[in-house]
Amino acid sequence: MAKTDSTTTEAQDDAAAGARLSTAPVEETGERGQAVPGSFGGVRRPGVAGALAWTGREVIGWLRWFWRQLTSMRVALILLLLLSLATIPGSLIPQTSVDSVKADTWKEAHKTLTPLYEKLQLFHVYSSVWFSAIYILLFVSLIGCIVPRTWQFVGQLRGRPPKAPRHLTRLPAYTTWRTDADPDEVLAEARRLLRRKRFRTVAADDSVASEKGYLREAGNLLFHVSLIVMLVAFASAQLWKYEGGKLVVEGDKFSNTLTQYDDFKSGSLFDTDDLPPFGFGLKGFTGTYERTGPQKGTPRDYRAHISYWEGADGTPRDTTIKVNEPLEVGGSKVYLQGHGYAPRVTVRDGQGNVVYQGAVASLPLDNNITETTVIKVPDYWDKNGKKGQIGFRGNFVPTLDLRTGSMASVFPALDNPVLVLTAYHGDLGIDSGLPQSVYKLDTRNMKQFKEGDRNFARALKPGETMTLPDGAGSLKFDGISTWATFQISHKPGDMPALAGAVAALIGVSASLFIQRRRVWVRAVRGADGRTVVELAGLGRSESAKVPEELYELAVALQGAAPAVAGEPDGKPAEEAGEKPAGKPGDQAGDQPAEKTAEKPAEKTGDQAGEKKAVETAEERAVEKPAEANADATAEEPTRPAEPTDSSEGARA
């Protein structure tokens, strides 16, 4: 009955303790209020004041719960995974901010998916609402993880290594020996050796505590801080960046003003009035290609020879821009993007007047630089003096081989250049006010020139002239110039992002390869007057360094505290301290046991006989315990009883 009452009392105490520790709302009813199960507000008191107080507690409780979830390691990993997955559509789907022409081409080819993708903002992934939400949540989560861990790390740095445990034998790495050296000398030498190995040490009465590997947590913090630096750098690069493209024909120049760009885009916080003043001109272009083997036609080297200046009155300086070797000027980088050819032509109208003259940049269609060429002449008079408009469309072929049966180039170099054109007359559509591409000819309101029943077309080599039917004019192929496309880019967050990435690698390496561990050294005076030295180590994480370092420390420490010859190793100091020194006869009687602990027993001729003799001695010790105790009492009337293991005592 008493046992039942005791069990009931313990159960009640546990229930009461659990109620005090529980965060669940207390279910109270009546005048004190009404409990709302599952809420953070607890009991809702009657009246308006009670309702407002309950609502405030409820809101604060949910905010705390949301903050704990957001700053947890699990949610941080989930957000990091979502951010990685969110970049996949940005890599697979053409982005308008990167290449608007390619994005428009993709939309025309996938008219069914385009409306859905536009609603999901898949053509503007990195500026979309859902990508920004993941980005900001990850940023806040990292800050919430770093702040408490930083304070915890500061506390660890200010703290001291814990004192040596009472039972060092229970630690995974342990060793001990006896020495004649003084305990204070042993501890002083141990502390010196540990400090040499960059351990933080604290000396106690009979032991030295040390710890090493605090930089492991510093590596974790550095990694998390580096992620924040990278996120801030990427965000600043998107907000204050600008980049644009420009096609420059050989002999032309470019100035860094908004009207000079073919396409331009900038961050939301960038002001176009802040464009740095600089410019450059294309003096020439050199391109070499592989001419034999399976890589025939592959570019080997692209070099744009330019002359650039910085500032309104800057002195021009010549340089060369290569692929992946941009020009850095005015805080911006000028990259070489592409290369092509620009046929130089002279167009005359029906009156013989020059109505167009210059190089016509053409867009490549394939890797062999087969280009589409468009020439628009808005001011034109026919032979009768009537004003009109004409246009030319065709292909420029750097290396034409008629044996292929097509008008496509077989090699990107200018080995056999040919300009193939046809002509149209009518309305170009440029007076409608709608923007037009200079690389496309709108022939909806135009008619193609005829030559008899066939459409008019000619293939021209440099220096040849094409005469239009009915005295409508002519076009002369004067020669060939080169052009190059450049991208001018300014991203202020590039260097911070690079520094953050390097710091993140350093932090990860530190957290992976630095192991936090503790080592204790104890030296006490044994009952026999000799010093018992104990060394023990404990790793805060799985590491093979603890046993190795403990072995090296023991070897180094034995130089100042050598082990006594013939003494057993492996007996802890607490056991050695419990046994006082006995008589010479007792020590001699214990000697065989010590030799057995020090080294393996020697082999005899008959191992079976030795085993039988040991078993017989054990049986006799068990059969006559009283006689042995009587003899011991007669010999040592004042000797205290000692706790010993039965098997070791029997063998002794």
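A salt bridge between E451 and R458 is present, with a side-chain N of the basic residue lying under 4.0 Å from a carboxylate O of the acidic one.
By the 6.0 Å contact criterion, CZ on R64 is open, its count of non-hydrogen atoms from other residues, nucleotides or ligands being 12 or less. For CG of N384, the number of neighbouring non-hydrogen atoms (other residues, nucleotides, ligands) closer than 6.0 Å is greater than 12. Around NZ of K476, the count of heavy atoms belonging to other residues, nucleotides or ligands within 6.0 Å does not exceed 12. Counting non-hydrogen atoms of neighbouring residues, nucleotides and ligands closer than 6.0 angstrom, the CG atom of N367 reaches no more than 12 such neighbours. Annotation: D366, atom CG; neighbour count of heavy atoms from other residues, nucleotides and ligands within 6.0 Å is above 12. Around the NZ atom of K450, the shell of radius 6.0 Å holds more than 12 heavy atoms that belong to other residues, nucleotides or ligands. By the neighbour-count criterion of 12 heavy atoms within 6.0 Å, atom NZ of K491 is sparsely surrounded, having that number or fewer from other residues, nucleotides or ligands.
Contact check for S362 versus P343: side-chain heavy atoms found under the 4.5 Å cut-off. Annotation: side chain of L79 is in contact with side chain of V75 (closest heavy-atom distance under 4.5 Å). With contacts defined as side-chain heavy-atom distances shorter than 4.5 Å, the pair F449/H425 qualifies. Taking the side chain as every heavy atom from C-beta outward, M466 and L419 never approach each other to under 4.5 Å. When side chains are defined from C-beta on, L460 counts as touching L475, because their heavy atoms get closer than 4.5 Å. No side-chain heavy atom of T150 sits less than 4.5 Å from a side-chain heavy atom of V147. The closest side-chain heavy-atom distance from L83 to F131 is below 4.5 Å. Using a 4.5 Å cut-off on side-chain heavy atoms (C-beta onward), K440 and V374 make no contact.
Among all heavy-atom pairs drawn from A459 and V418, the shortest one is CB-CG1, 3.9 Å. Residues Q95 and V125 come closest through the heavy atom pair OE1-N, 2.9 Å. F456 and P469 make their closest contact through CD1-CG, 3.8 Å (heavy atoms, listed as atom of the first residue, atom of the second, distance). Q351 and D382 make their closest contact through NE2-O, 2.7 Å (heavy atoms, listed as atom of the first residue, atom of the second, distance). Considering every non-hydrogen atom in both S141 and T71, the closest pair reads OG-CA, 4.2 Å. Of all non-hydrogen atoms in Y214 and F153, the two that sit nearest each other are O-CE1, 3.3 Å.
At least one donor-acceptor pair under 3.5 Å links the side chain of T114 to the backbone N or O of K107. Formation of a donor-acceptor pair under 3.5 Å by the Y261 side chain with backbone atoms of I488 is not found in this model. A donor-acceptor contact shorter than 3.5 Å links the side chain of E464 to the backbone of K461. A donor-acceptor pair is defined here as one N or O able to donate and one able to accept, closer than 3.5 Å; such a pair exists between the side chain of T399 and the backbone of F411. Using a distance-only test at 3.5 Å, with no hydrogens or angles considered, a donor-acceptor pair links the side chain of W130 to the main chain of L120. Side-chain atoms of W381 never come within 3.5 Å of backbone atoms of K386 as a donor-acceptor pair (strictly under, hydrogens ignored). Judged by distance alone, the side chain of Q389 and the main-chain N or O of I430 form no donor-acceptor pair under 3.5 Å. At distances below 3.5 Å, at least one donor-acceptor pair connects side-chain atoms of D271 with backbone N or O atoms of D273.
Note that the CD atom of E250 and the NZ atom of K283 stand 11.0 Å from one another [nearest 0.5 Å]. Distance check, rounded to the nearest 0.5 Å: CG of L215 to CD1 of I506 gives 12.0 Å. To the nearest 0.5 Å, atom CZ of residue R348 and atom OG1 of residue T467 are 11.5 Å apart. In this structure, N256 CG and W309 CH2 are separated by 10.5 Å, a value rounded to the nearest 0.5 Å. Considering NZ of K246 and OG1 of T485, their distance stands at 11.5 Å, rounded to 0.5 Å. Once rounded to the nearest 0.5 Å, the distance linking CG of L138 with CG of L81 reads 11.0 Å.
Between the side chains of R344 and S481, at least one donor-acceptor pair of N or O atoms lies under 3.5 Å. In the model, D379 has no side-chain atom that pairs as donor or acceptor with a side-chain atom of Y356 under 3.5 Å.
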Problem - CA sep, side-chain torsions, deciding dist, call: R516, E217, salt bridge (Lys or Arg N to Asp or Glu O under 4.0 Å) - result: CA-CA 9 Å; R516 190 174 176 184; E217 183 62 23; over 6 Å; no

Exercise for the section: For the pair Y302 and F285, evaluate ring pair (Phe, Tyr, Trp, His ring centres under 6.0 Å) and give the outcome as yes or no after the intermediate values. Expected result: CA-CA 8 Å; Y302 276 174; F285 190 92; 5.4 Å; yes

Practice task
Show your reasoning for whether ring pair (Phe, Tyr, Trp, His ring centres under 6.0 Å) applies to F280 and F486.
Solution key: CA-CA 11 Å; F280 61 89; F486 300 92; 5.1 Å; yes

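H490 pairs in a ring-ring contact (aromatic ring centres under 6.0 Å, His included) with only one of the listed residues (Y242, F278, Y335, F264), which is Y242.
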